[in-house]
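A, B, ... follow the sequence lines: proteins, then strands. Residue 1 opens every chain. A quick note: this is a predicted structure, and the numbers were derived from the prediction, not measured.
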Amino acid sequence: MDEALLRGLAPGVLAVLVRRGADFAAAEDAVQDALVEAVRVWPAGTPRDPKGWLVTVAWRRFLDAARSDASRRRREDLVDREPAPGPASPVDDTLRLYFLCAHPALSPSSAVALTLRAVGGLTTRQIAQAYLVPEATMAQRISRAKRTVSKVRLDRPGDVSTVLRVLYLVFNEGYSGDVDLAAEAVRLTRQLAASIDHPEVAGLLALMLLHHARRAARTAPDGSLVPLAEQDRARWDTGAIAEGIAILQAALARDRLGEFQAQAAIAALHADAPTAAETDWVQIVEWYDELARLTGSPVVRLNRAVAVGEADGPRAGLAALAELDAALPRHTAVAAYLHERDGDLATAARLYAEAARKASSPAERDHLTRQAARINARQGP
Amino acid sequence: MAKYLLLKHYRGAPAPVNNVPMDRWTPEEISAHMQYMQDFADRLEKSGEFVDGQALAAEGAWVRYDGEGRPPVTDGPFAETKDLIAGWMVIDVDSYERAVELAGELSAAPGAGGKPIHEWLEVRPFLAAPPTVTE
């Protein structure tokens, strides 16, 4: 009995039921029943077509439930009217599931939870652990999300950018519990990229691979952050970098630029440099200009100021920074760094300490506190 | 999604609008106050935003290391300290605005005369794991 096999099959089975007209919550219940049945029966002999077996059992469960419940007669009528389903590509079904789980009617946290549950096939307990909330809380979040999308009829393809945003949110969450959310996001994005031909999907996959490739080098054994310039590049995953760059180049060649491709291009320029000093900062600034044009995001302009500081010197970076709202997250940290490079150590130390107080993670806070301490030790009392 | 701590203070917070000490409320008013907070927590659990909540005893002590081989120094109960935490609730919400909205709701718990006490709640974000993408 292979649990990973079942987990991999479940979303596809769910997608078939939803396509055949079952509402989302009822379909999910039926799929769960079928999985339980599989765990009971399969040890005696795995069926030749496991997915077909699960679809048959789940669909029968769904019909039983629909028939036994008088208040669900409407749905039964729907089932009766539905023509016998012909063969359909499994790819389209899963795609439909992605769009449903990222529906704009859902809040971001609900969309993320539902995607991990329905498309990722994770258990509620695993998702709750990953987000450090009680299982009951996550169960409620998911069942609310299911109720919300139950009212949605998906007859048109959804909005790809919404799906991508949800996957990006999953990727950014990192690691806790027994699920690595970054790896899970890569897996789901890879699956999405296989079902849909879209340069931004490829762009997001490339971006994730390029960031994921550097993960082992991003933290020291004691858990402290290692800045990009100081990372041991030998520890970067060159396979993932090569794959990310190849996917990105194919996407860029199609000449439909979007924000994820632009972000991936910046990540690729970092990943491509043999040493930090050899980074092509001039090109990175150009990509940040593109990205700022595409998104208008102040966070992008903040990162651009860092790149300008590298390409044209700290004074130019500070000038770019002066045009931005000082209340932006990490604005103070960037200012501290640029002042240090400009030789103004007293200001840099003060700003590092201030940035540490504003940091949003312990690792970031400790890193910035160490920067302030390092400069203060150098300057003397 | 981010977690926030909603801190309720016995003392140390600015005075609430309906500022009547709890021992001057009627028993029914106290029950209504407790029920309001319980209902609030139940509602957050249903919306998938509840993480944890605990009440704290009013009594506590300060403890300090006092050197090798000596018992720790204790000081307290800290009857004279400025700040006393009554309890907390941890929520997991989509935005800071939502956290403030919920804290505002909790602050409307009924007090003396059945009127909202308008107490001040401290809202503090939790430090989180660093995001996967920062550079």
Side-chain angles (χ1 to χ4, degrees), chain A residues 107-113 128 131-134 136-145 168-176 180-183 185-186 207-208 210-212 214-215 218-219 223-225 227-229 231 263 266-267 270 303 306 330 333 359-367, chain B residues 1-8 12-13 34-56 83 85 87-106 121-135:
Chain A
S107 72
S109 53
S110 302
V112 161
Y131 285 96
L132 302 172
V133 299
T137 294
M138 191 51 80
Q140 291 285 7
R141 203 180 278 180
I142 292 171
S143 61
R144 274 170 74 95
Y168 189 68
L169 281 177
V170 175
F171 183 74
N172 249 324
E173 277 300 320
Y175 181 87
S176 55
D180 180 342
L181 286 175
V186 172
L207 175 66
M208 287 181 179
L210 287 163
H211 279 301
H212 208 51
R214 297 203 293 257
R215 189 158 75 158
R218 281 189 69 215
T219 44
S224 61
L225 286 183
L228 183 55
Q231 286 174 17
Q263 278 194 59
I266 293 164
H270 285 302
N303 289 332
V306 179
R330 295 180 64 229
S360 64
S361 82
E364 191 186 338
R365 181 192 60 197
D366 296 349
H367 174 72
Chain B
M1 288 144 283
K3 293 187 183 64
Y4 290 87
L5 177 66
L6 308 185
L7 267 187
K8 280 175 82 78
M34 299 305 177
Q35 189 61 46
Y36 183 94
M37 292 193 295
Q38 187 58 51
D39 292 347
F40 180 78
D42 289 349
R43 208 146 35 79
L44 290 191
E45 188 160 336
K46 290 210 180 64
S47 67
E49 292 170 300
F50 181 81
V51 178
D52 193 17
Q54 295 285 328
L56 286 173
D83 195 3
I85 309 290
W88 75 76
M89 188 178 290
V90 179
I91 55 174
D92 184 22
V93 290
D94 275 321
S95 67
Y96 173 70
E97 287 69 28
R98 176 67 177 154
V100 169
E101 182 188 333
L102 289 175
E105 243 179 81
L106 188 54
L121 284 155
E122 194 179 349
V123 178
R124 299 273 297 272
F126 276 71
L127 293 182
T132 307
V133 179
T134 50
E135 293 130 0

Do the non-hydrogen side-chain atoms of A:Arg144 and B:Ser47 ever get within less than 4.5 Å of each other? yes
Heavy-atom check, side chain of B:Glu49 versus side chain of A:Val133, under 4.5 Å: no
Toward chain B, the part of [X] with a non-hydrogen atom under 4.5 Å:
X        : answer
A:Ile142 : neither
A:Ala139 : neither
A:Val306 : neither

Do side-chain atoms of A:Thr137 reach the backbone of B:Glu45 as a donor and acceptor pair under 3.5 angstrom? no
Measure B:Asp92 against the heavy atoms of chain A and call it side chain, backbone, both or neither at under 4.5 Å. both
Could you tell me which of A:Arg365, A:Arg141, A:His212 has the largest number of non-hydrogen atom pairs under 4.5 Å with chain B? A:Arg141
How many angstroms lie between atom CG of A:Asp366 and atom CG of B:Leu127, to the nearest 0.5 angstrom? 9.0 Å
Nearest non-hydrogen partners of B:Ala128 and A:Pro362, listed with the distance: O-CD, 3.2 Å
